[in-house]
Amino acid sequence: MRSMRPLILASTSSARRALMDGLGLPYRAESPGVDEDVSPTLSAREAVQVLAARKAQAVHARHPEAWVIGADQLVQVGNEVLAKPVDRDAARKQLGKLLGHTHDICTGVCLVGPGGHLAETLEVSRLTFYPVDAEELERYLDLGEWEGCAGSYRVEGAGQALLARLVGDRTNVQGLPMLTVVRMLREAGFSFFEPRNP
């Protein structure tokens, strides 16, 4: 049965692991260890798909018997792509571009499996943030949620208080679009709610 084959999440993101944990499907997480540089000519939508495939294929090359999920996420506001901020100043600048405005979160997902199985998809959610003053912004930055997050916020944490409107899958904003992941796994032959071995 396909569902008995190992499933690996090509990510060490705590947010992605929490979402996968909630699914109740046995899996393990592994760092893909890939170069995340892509051509600056790529749009956010193109870049996340390239990187998701790169991550999934790198881990699958080490475990060819396994099914591997790779994902990557970027924020796009207007024509500008926002990756993970390098420090607090960069986070302040990113959030300054998002507060009071609408932006897209783009997540590429790639599932690679035995026998050359390859499925790729893109999920986009649209968010509008409240305009907040400089003092409130600094209090949010004090929380450190900006660290390691494209766009410098976490909607699964205190960052949800910035959110005025969300169109799309909330789990996509959190790092892994679970509606998409479940569909891809079902199409690959995975079954759910299996009893765990004692």
Side-chain angles (χ1 to χ4, degrees), residues 1-40 42-75 81 83-86 105-125 147-151 154-157 168-198:
M1 183 184 293
R2 285 180 173 182
S3 62
M4 300 307 290
R5 290 179 179 168
L7 177 63
I8 303 174
L9 175 66
S11 174
T12 55
S13 158
S14 58
R16 289 190 182 126
R17 290 201 312 270
L19 289 165
M20 284 295 293
D21 288 349
L23 203 53
L25 203 62
Y27 81 99
R28 70 179 190 271
E30 182 173 315
S31 172
V34 297
D35 176 10
E36 296 196 26
D37 287 335
V38 294
S39 169
L42 296 181
S43 69
R45 287 162 170 77
E46 293 166 329
V48 294
Q49 290 178 290
V50 167
L51 289 168
R54 188 181 294 173
K55 291 175 179 181
Q57 289 165 347
V59 172
H60 189 257
R62 301 195 289 266
H63 308 283
E65 79 293 352
W67 292 83
V68 181
I69 301 170
D72 196 78
Q73 186 176 72
L74 290 169
V75 168
V81 177
K84 297 172 185 174
V86 294
I105 286 198
C106 308
T107 307
V109 182
C110 180
L111 177 66
V112 181
H117 181 96
L118 174 68
E120 298 176 279
T121 191
L122 170 72
E123 186 73 27
V124 180
S125 299
E147 295 181 50
C149 286
R154 293 183 191 274
V155 298
E156 68 273 23
D169 180 356
R170 186 185 177 99
T171 61
N172 179 49
V173 183
Q174 293 172 227
L176 196 61
M178 297 309 292
L179 293 173
T180 296
V181 168
V182 166
R183 175 179 53 77
M184 293 171 84
L185 290 172
R186 285 188 180 276
E187 289 173 354
F190 279 79
S191 58
F192 293 83
F193 319 118
E194 299 280 353
R196 298 285 183 97
N197 292 328

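Remember, it's a predicted structure, so these values are computed and weren't measured experimentally. For the numbers below, each heavy atom of this structure counts, side chains included, while hydrogens, waters and symmetry mates do not.
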Using side chain to side chain contact (heavy atoms under 4.5 Å, CB included), reason through Met20 and Leu7 one step at a time and then give a plain yes or no. CA-CA 11 Å; Met20 284 295 293; Leu7 177 63; 4.0 Å; yes

The test is side chain to side chain contact (heavy atoms under 4.5 Å, CB included); show your working for Thr121 and Leu111 and say whether it passes. CA-CA 9 Å; Thr121 191; Leu111 177 66; over 6 Å; no

Decide side chain to side chain contact (heavy atoms under 4.5 Å, CB included) for Phe192 and Arg186; before the verdict, give the C-alpha distance in whole Å, the side-chain angles of both, and the deciding distance to 0.1 Å. CA-CA 8 Å; Phe192 293 83; Arg186 285 188 180 276; 3.5 Å; yes

Could you please spell out the steps behind the side chain to side chain contact (heavy atoms under 4.5 Å, CB included) verdict for His117 and Val112? CA-CA 5 Å; His117 181 96; Val112 181; over 6 Å; no

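Considering every non-hydrogen atom in both Pro32 and Val59, the closest pair reads CA-CG2, 3.7 Å. When all heavy atoms are compared, the tightest approach of Ala56 to Gly70 is CB-N, 3.7 Å. Across Gly108 and Leu122, no two heavy atoms sit closer than the pair N-CD1, 4.4 Å. In plain terms, the two heavy atoms of Leu25 and Ser191 that are nearest each other are CD1-O, 3.6 Å. Closest heavy-atom contact between Ser11 and Ala29: O-CB, 3.3 Å. Here the closest non-hydrogen pair linking His60 and Pro114 is NE2-N, 3.8 Å.
Counting only heavy atoms from C-beta outward, the side chains of Leu118 and Cys110 approach each other to under 4.5 Å. With contacts defined as side-chain heavy-atom distances shorter than 4.5 Å, the pair Lys84/Cys149 does not qualify. Residues Thr180 and Asn172 form no side-chain contact, since every pair of their non-hydrogen atoms from C-beta on lies 4.5 Å or further apart. Between Leu176 and Thr171, the closest side-chain pair of non-hydrogen atoms is not below 4.5 Å. Side-chain contact between His63 and Arg28: present, with at least one pair of heavy atoms (C-beta onward) separated by less than 4.5 Å. Ile8 places none of its side-chain heavy atoms less than 4.5 Å from the side chain of Tyr27. Side-chain contact between Leu23 and Met178: present, with at least one pair of heavy atoms (C-beta onward) separated by less than 4.5 Å. Using a 4.5 Å heavy-atom cutoff, the side chains of Arg54 and Val38 are in contact.
Neither side chain, Thr107 nor Glu123, offers a donor N or O lying under 3.5 Å from an acceptor on the other.
The line from OG of Ser14 to CZ of Arg154 is 5.5 Å long, rounded to the nearest 0.5 Å.
Residues meeting the salt bridge (charged side-chain N to carboxylate O under 4.0 Å, His left out) test with Arg183, sequence neighbours left out: Glu187. Partners of Arg170 under the salt bridge (charged side-chain N to carboxylate O under 4.0 Å, His left out) rule, at least two apart in sequence or in another chain, do not exist in this structure. Partners of Arg17 according to the salt bridge (charged side-chain N to carboxylate O under 4.0 Å, His left out) rule, which considers only residues two or more places apart in sequence or in another chain, do not exist here.
We find that Glu30 and Arg62 are joined by a salt bridge, their nearest charged nitrogen and carboxylate oxygen being less than 4.0 Å apart.
No donor-acceptor pair closer than 3.5 Å links the side chain of Arg45 to the backbone N or O of Val124.
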